J.: 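Have a look at this one before I ask anything.
Atoms within a ligand are numbered from 1 in the order they appear, just like the ligands themselves. In this text the structure is predicted, and so the values were computed from the model without any measurement.
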Amino acid sequence: MKPHILQLNPILVPAINQKLDALYVMHRLYEQDDREAYIREHGAAIRGVITGGHTGISNDMIERLPGLQVIAVNGVGTDAVDLAFARSRGLPVTGTFGALTEDVADLAIGLIITVLREICSGHDFVKTGKWPSNPSPAAIPLSRRFSGKRVGIVGLGKVGRAIAQRAAAFGCPIAYTDVREMSDVAYAYVPDLLSLARTSDILVLAAAADKAQGIVNAAVLDALGKDGYLINIARGKLVVESDLCDALARGAIAGAGLDVFVDEPNVPAALLASERVVLQAHRASATVESRTAMGEMVLASLAQALAGQRPEGSLTT
Ligand code: 8YV
């Protein structure tokens, strides 16, 4: 008999969905109109959950799945799962660690260059046919160079390191902050975020958000300064979004490149309206390559847990 799996978010790789369907009875909750009723009907049969990093799972939902043996997060951020609660129940929670590193780092660099070089406004200028009627080079203001800028990285995990490596190739001096200094890197360690912001031209958020809510506030943005840029490819809740909107409005920082927001998919109107921000719809890992590798890791986590083994990379068991 195939085990029953509850899936809370879509997976966009057909080959992964085919494998899931071949191995399991899949319950795709996001396709259900009445999700409460669906859980009431099928909750007792569920042995594994697949969820997104941003979606996670509530403790209430976990309690309604008495036969649950594994929570496979299709992502690296586990801030939306109560790990202590899962641990207390001996429930493995896994992530797709390492599978998306390169793509998330690539998007961080892409956002940096897009914001500093004002690629979006240049693109719009050409696409909307404004160039022939405004042929003077003065029609578009000068943008800013990325190469050589001081990059401050908040969170030097796998993604932070991959961003550092890429920025270093652009000749950027790299500094970072984290809960501790890392002995295996040559980048400058700055113990506090405020000092890092003060000494960076570009502040890149790559930290886990489990315990770091609202760390980027008005004081940090003021320290980053009027020529500074904020890039966030981690979690929206690391930033006090109202402080960011305010900082952009009063010119306290030069611009921002954001892939993540506090209340996705809702983006504050001030960010939508600002010409100094470049926005993405939480897509840093959204490549065929990353999502395929992530899907394979989810499949492995389910198989290991349901075979009675400790899933590789379980954070809680
Ligand atoms: C994904 C993420 O968007 O890894 C994470 O924590 O937020 C992203 O990679 C998401 O998990 C896909 O479901």
J.: Considering both backbone and side-chain atoms of N9, is one of its nitrogen or oxygen atoms within less than 3.5 Å of a nitrogen or oxygen in ligand 1?
T.: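 Checking ligand 1 against N9, no N or O pair falls under 3.5 Å apart.
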J.: With Q7, which of R28, H27, E31 fulfils side-chain hydrogen bond (donor to acceptor under 3.5 Å, both in side chains)?
T.: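 Considering R28, H27, E31, a side-chain hydrogen bond (donor to acceptor under 3.5 Å, both in side chains) with Q7 is found only for R28.
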J.: So is V76 in contact with ligand 1, going by heavy-atom distances below 4.0 Å?
T.: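 Yes; V76 lies near enough to ligand 1 that a heavy-atom distance drops under 4.0 Å.
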J.: Side chain, backbone, both or neither: which part of V260 comes within less than 4.0 Å of ligand 1 when only heavy atoms are counted?
T.: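 Looking at V260 and ligand 1, no heavy atom falls under 4.0 Å.
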J.: Give a yes or no on whether R283 atom CZ has more than 12 heavy-atom contacts from other residues, nucleotides or ligands under 6.0 Å away.
T.: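 Counting neighbours around CZ of R283, 12 or fewer heavy atoms of other residues, nucleotides or ligands fall under 6.0 Å, so no.
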J.: Under 4.0 Å, heavy atoms only, figure out whether ligand 1 is touched by the backbone of R235, its side chain, both or neither.
T.: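 Side chain only.
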J.: How close does the nearest protein non-hydrogen atom get to atom 9 (O) of ligand 1, and which residue and atom is it?
T.: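 Checking every protein heavy atom, the shortest distance to atom 9 (O) of ligand 1 gives S285 OG, 2.8 Å.
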J.: Assess the side chains of D82 and N59: does a donor N or O sit below 3.5 Å from an acceptor N or O?
T.: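 Indeed, the side chains of D82 and N59 share at least one donor-acceptor pair under 3.5 Å.
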J.: Closest non-hydrogen protein atom to atom 12 (C) of ligand 1, residue and atom name please, with distance?
T.: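 Looking only at protein heavy atoms, the one closest to atom 12 (C) of ligand 1 is N74 O, 3.3 Å.
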J.: D201 and salt bridge (Lys or Arg N to Asp or Glu O under 4.0 Å): which partner among K149, R150, R144?
T.: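 Running salt bridge (Lys or Arg N to Asp or Glu O under 4.0 Å) over K149, R150, R144 with D201 returns exactly one hit, R150.
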J.: Can an N or O of G77 be found at a distance shorter than 3.5 Å from an N or O of ligand 1?
T.: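 There is such a contact, yes.
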J.: Is any NZ, NE, NH1 or NH2 atom of the basic residue among R64 and E36 found under 4.0 Å from an Asp or Glu carboxylate oxygen of the other?
T.: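 A salt bridge is present here (some side-chain N lies under 4.0 Å from a carboxylate O).
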J.: For ligand 1, note which part of R291 has a heavy atom under 4.0 Å away: side chain, backbone, both or neither.
T.: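 The part of R291 near ligand 1 is the side chain, not the backbone.
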J.: Looking at L272, I'd like to know if its CG atom is crowded, meaning that more than 12 non-hydrogen atoms belonging to other residues, nucleotides or ligands lie closer than 6.0 Å.
T.: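 Enclosed: over 12 neighbouring heavy atoms sit under 6.0 Å from CG of L272.
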